[in-house]
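All values below were derived from every heavy atom in this structure, side-chain atoms included, with hydrogens, water molecules and symmetry-related copies excluded.
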Amino acid sequence: MFDSDDSEIVKDLLSVYPEEGCGLLINKKGKLVWIPSTNEAENPKEEFVINSDDYLRASLTGDIYAIVHSHPDASPELSEADKKASNYFKVPYIVYSIPSGEKVEYIPERKRLLGRDYI
């Protein structure tokens, strides 16, 4: 995971509190890099939508490692919608509770192929 100090991510998520913050962790030449994004949701206090230009720019810079967002004044546990989106996009989700900074990581489910894991 993002082994270095998470403080940069938490700082960016706190900067938009009480709205949900969001961004991407990308793998850039073997190093995980945090790319904050603008939340474009209609109701940013209850949901997030990553800016499409930010997503495109990040994907052209490195491989998307995880989608990150915050749950303001709530548990970092993923909602069912978060899990479904992670499974659909096949990208891990990392959720931070803000302002506490507590986090939960979710790895998407793998498909099975003829009784075996597909990797």
With rounding to the nearest 0.5 Å, note down the distance linking [atom1] in [X] to [atom2] in [Y].
X: Ile35; Y: Thr61; atom1: CD1; atom2: OG1; answer: 6.0 Å
X: Tyr55; Y: Ile67; atom1: OH; atom2: CD1; answer: 5.0 Å
X: Asp54; Y: Ser37; atom1: CG; atom2: OG; answer: 3.5 Å
X: His69; Y: Glu47; atom1: NE2; atom2: CD; answer: 10.5 Å
X: His71; Y: Ser79; atom1: NE2; atom2: OG; answer: 5.5 Å
X: Ile94; Y: Glu105; atom1: CD1; atom2: CD; answer: 4.5 Å

Nearest non-hydrogen partners of [X] and [Y], listed with the distance:
X: Ser70; Y: Pro72; value: O-CD, 3.6 Å
X: Ser97; Y: Ala74; value: OG-O, 2.5 Å
X: Ala66; Y: Val91; value: CA-CG1, 3.8 Å
X: Val10; Y: Gly101; value: CG2-CA, 4.3 Å

| request: Would you check, one step at a time, whether the test side-chain contact (heavy atoms from CB on, under 4.5 Å) holds for Trp34 with Val68? | output: CA-CA 9 Å; Trp34 165 241; Val68 179; 3.6 Å; yes
Check: [Y] and [X] side chains under 4.5 Å, non-hydrogen atoms:
X: Tyr65; Y: Asp63; value: no
X: Phe89; Y: Pro108; value: no
X: Val95; Y: Glu77; value: no
X: Glu102; Y: Pro76; value: yes
X: Asn39; Y: Val16; value: no
X: Asn87; Y: Tyr106; value: yes
X: Asp6; Y: Tyr96; value: yes
X: Lys45; Y: Pro18; value: yes

Going by atom type alone, with no hydrogens or angles, which donor-acceptor pairs under 3.5 Å involve a side-chain atom of residues 21-29 and a protein atom two or more places apart or on another chain?
unit_1: Asn27; atom_1: OD1; unit_2: Gly30; atom_2: N; d: 2.9

| task | Would you kindly confirm whether Val49 and Tyr88 end up in one hydrophobic cluster when ILVMFWY residues are joined by side chain heavy atoms under 4.5 Å apart? | result |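 The answer is no; the residues belong to distinct hydrophobic clusters.
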| said: Looking at Ser15 and Asp12, would you say the former's side chain and the latter's main chain have a donor-acceptor pair under 3.5 Å? | reply: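 It does hold such a pair.
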| said: List the residues meeting side chain to side chain donor-acceptor pair (under 3.5 Å) with Glu40, not counting sequence neighbours, and say none if there are none. | reply: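 Residues passing side chain to side chain donor-acceptor pair (under 3.5 Å) with Glu40: Asn51.
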